[in-house]
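Everything numeric in this text was worked out from a predicted model, so none of it was measured. Note on naming: letters A, B, ... go to the chains in the order of the sequence lines (proteins, then strands), and numbering restarts at 1 for each one. Basis for what follows: all heavy atoms, side chains included, without hydrogens, waters or symmetry-related copies.
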2 protein chains.
Amino acid sequence: MAIKERKEREKQDMRNLIIESATQLFLKHGYDKTSIRNMADDIEYSPATIYLYFKDKDEIFYVIHENGFALLDTELRKNDAIKNPFERLGAIGRTYMKFAFDNPDYYDLMFIMRAPLSQIKSEAEWKAGECAFGYVTQTIGECLEQKLIKPADVLLISISVWSFVHGLVSLYLRGRMCIVPMPDDVIEAMLDSAVTNYLIGLKA
Amino acid sequence: MAIKERKEREKQDMRNLIIESATQLFLKHGYDKTSIRNMADDIEYSPATIYLYFKDKDEIFYVIHENGFALLDTELRKNDAIKNPFERLGAIGRTYMKFAFDNPDYYDLMFIMRAPLSQIKSEAEWKAGECAFGYVTQTIGECLEQKLIKPADVLLISISVWSFVHGLVSLYLRGRMCIVPMPDDVIEAMLDSAVTNYLIGLKA
DNA sequence: TGAATATAATAAACACTGTTTAGTATATGC
DNA sequence: GCATATACTAAACAGTGTTTATTATATTCA
């Protein structure tokens, strides 16, 4: 009975087709323009067919959100080559910001929007987020071991570092940095030096 | 011709009625449930009537967003009684966080959502934001004058402080703090000590 | 192989959304 | 009193996510 397996394969192919179409539409035209009907048009199936492969729209965007994390993870871990954990932490911060500015729609889905997280059943099951965050806590842990930063709870520092960079990035992406009336490149430089400054403050 | 003035008054009354209804619906049921039709039902007029008083839905929510800033401003400036600017800065931070947790929907509209800012014509015209942010820069300016914090550009520090607190708050409000699996009250305490810790790091 | 069953896909509908248009009462100005 | 201006709305437009009933196809078993 290889039929069952072929059917399973075909089901996965169809899921992939839908995700590919949704991702392409999402990155090209944004979240609002990525409707079930647009996806259906794109893959040349009826809208109802999509519901045979995904429970709802949020489930589709949860997968896209997970793919975004895979992307970010790959980028972040490229900094593994940097042996000094404090230097690595700085590089991770800059990589994180670059990711956000290069992929604002992914960043939105991953850290700002509510939609994709409606999928997690509750009680800490955000696997995608845990992986990237784990890399930060690990690096900060090494910094603490080597006494490169002021002693404090590793989780508290991790959350602080993450929140600091996320704060800068998300206020910028949502247009709130217009309170300082400067051209975009000047602001981006400012955000960069804010991170640099912040990390200096952590130094032991 | 007092008729013209009465008409103007009536026009304002109607605008207020719509805003009141929208605000009540928004705070009670959230943004998505606050539709033009729901507002119309509530004030017992047709949906089209609302468009005689507001250009579009975003314009209504821009007013609500401005009201939110008036509220936050009042709260923040209560800290004016604190003469020491560094202590005042800490109090402002805690007031800001309390506002966010007490009024998550307002906070969303003011600092996270895109919708209401579609109203600002461009090139730094975000009056509501400037006012609250101005109070922070002013306080930080005083801290610098009195050499209470490490010297740096006042704008850079202001943006850093704001981003730090906003980062903590917005990650929490959008469910991303679930990476640390703790009860809400423990997390809120953690965010509080993160701010305290951060401000200590700024100290001269 | 042929009938019965299970699977895959869809057309159409449901209940919404923001917004616009054309038409109707009512109030104002002359 | 009549023409004009104002206030209002019913209905439609163009979309949204999702569900249901139906049909066509593929698979299983006698």
Side-chain angles (χ1 to χ4, degrees), chain A residues 1-19 21-23 25-26 28-65 109 113-119, chain B residues 1-19 21-23 25-26 28-65 109 113-119:
Chain A
M1 290 297 115
I3 289 173
K4 229 178 184 174
E5 282 144 43
R6 195 204 69 215
K7 288 253 160 125
E8 187 52 46
R9 229 166 36 235
E10 280 173 355
K11 191 144 196 151
Q12 256 309 323
D13 287 350
M14 190 61 161
R15 275 182 70 99
N16 291 341
L17 186 68
I18 293 166
I19 292 293
S21 165
T23 304
L25 288 170
F26 170 63
K28 199 170 279 179
H29 309 295
Y31 181 82
D32 288 338
K33 292 268 154 69
T34 311
S35 67
I36 298 288
R37 278 175 181 80
N38 290 153
M39 296 178 209
D41 266 17
D42 188 49
I43 62 171
E44 298 178 296
Y45 279 83
S46 84
T49 300
I50 289 172
Y51 287 88
L52 300 174
Y53 298 89
F54 293 93
K55 176 177 146 281
D56 56 25
K57 198 188 173 185
D58 285 355
E59 194 173 85
I60 297 173
F61 276 95
Y62 186 72
V63 176
I64 298 178
H65 142 287
L109 217 51
M113 291 184 64
R114 281 214 186 83
L117 261 70
S118 76
Q119 289 303 310
Chain B
M1 291 295 115
I3 289 172
K4 230 178 183 174
E5 282 145 44
R6 196 205 66 215
K7 288 253 160 127
E8 187 52 45
R9 227 166 38 234
E10 282 173 353
K11 190 144 196 151
Q12 258 308 323
D13 286 351
M14 189 62 160
R15 276 182 69 98
N16 291 340
L17 185 67
I18 293 166
I19 293 292
S21 166
T23 304
L25 287 171
F26 170 63
K28 198 170 282 179
H29 308 295
Y31 181 82
D32 288 338
K33 292 268 156 68
T34 310
S35 67
I36 299 288
R37 277 174 181 82
N38 290 152
M39 297 178 207
D41 266 17
D42 188 49
I43 62 172
E44 298 178 297
Y45 280 83
S46 84
T49 300
I50 289 173
Y51 287 89
L52 300 173
Y53 297 89
F54 292 94
K55 179 177 144 281
D56 56 24
K57 198 189 172 185
D58 285 356
E59 194 173 86
I60 296 173
F61 276 94
Y62 186 72
V63 177
I64 297 178
H65 144 284
L109 217 50
M113 291 183 66
R114 281 214 187 83
L117 261 70
S118 76
Q119 290 303 309

Query raised in the report: Got a donor-acceptor contact below 3.5 angstrom from the B/Arg37 side chain to the B/Pro47 backbone?
Result: no

Query raised in the report: Is the backbone of A/Ile19 close enough, under 3.5 Å, to the side chain of A/Thr23 for a donor and an acceptor to pair up by distance?
Result: yes

Query raised in the report: 5'-most contact on DNA chain D: A/Tyr51 or B/Ser46, nearest heavy atom basis?
Result: B/Ser46

Query - Residue mapping more 5' on DNA chain D - nearest nucleotide basis, A/Lys55 or A/Ser35 - result: A/Ser35

How many Å lie between [atom1] on [X] and [atom2] on [N], as a whole number?
X	N	atom1	atom2	result
A/Glu59	D/dT18	CD	C1'	14 Å
B/Lys11	D/dT6	NZ	C1'	9 Å
B/Lys33	C/dA15	NZ	P	16 Å
B/Tyr45	D/dC8	OH	P	5 Å
B/Leu25	C/dT17	CG	P	11 Å
B/Ile18	C/dT19	CD1	P	13 Å
A/Ile50	C/dA8	CD1	C1'	14 Å
B/Ile36	C/dG18	CD1	P	5 Å

Query raised in the report: If every non-hydrogen atom of B/Pro116 is compared with every non-hydrogen atom of B/Phe61, which pair is closest and at what distance?
Result: CB-O, 3.8 Å

Requested in this report: Over all heavy atoms of both residues, which pair between B/Lys55 and B/Glu59 is shortest? Give the atoms and the distance, please.
Outcome: N-OE1, 3.1 Å

Report task. Report which part of the nucleic acid B/Asp32 touches: base, sugar-phosphate, or nothing (heavy-atom distance under 4.0 Å, all strands). Result -> nothing

Query raised in the report: Less than 3.5 Å between a donor and an acceptor, one on the side chain of A/Arg37 and one on the base of D/dG17, is that the case here?
Result: yes

Closest to the [X] side chain, choosing from [options]:
X	options	answer
B/Leu52	C/dA9, C/dT19, D/dC8	D/dC8
A/Lys57	C/dT10, D/dG17, C/dG18	D/dG17
B/Tyr53	D/dG17, C/dA8, D/dA7	D/dA7
B/Thr49	D/dT9, C/dT19, D/dT19	D/dT9

Query raised in the report: B/Asn38 side chain N/O closer than 4.0 Å to the phosphate oxygens (OP1, OP2) of C/dT17?
Result: yes

Query - A/Glu44 atom CD, over 12 foreign heavy atoms within 6.0 Å - result: no

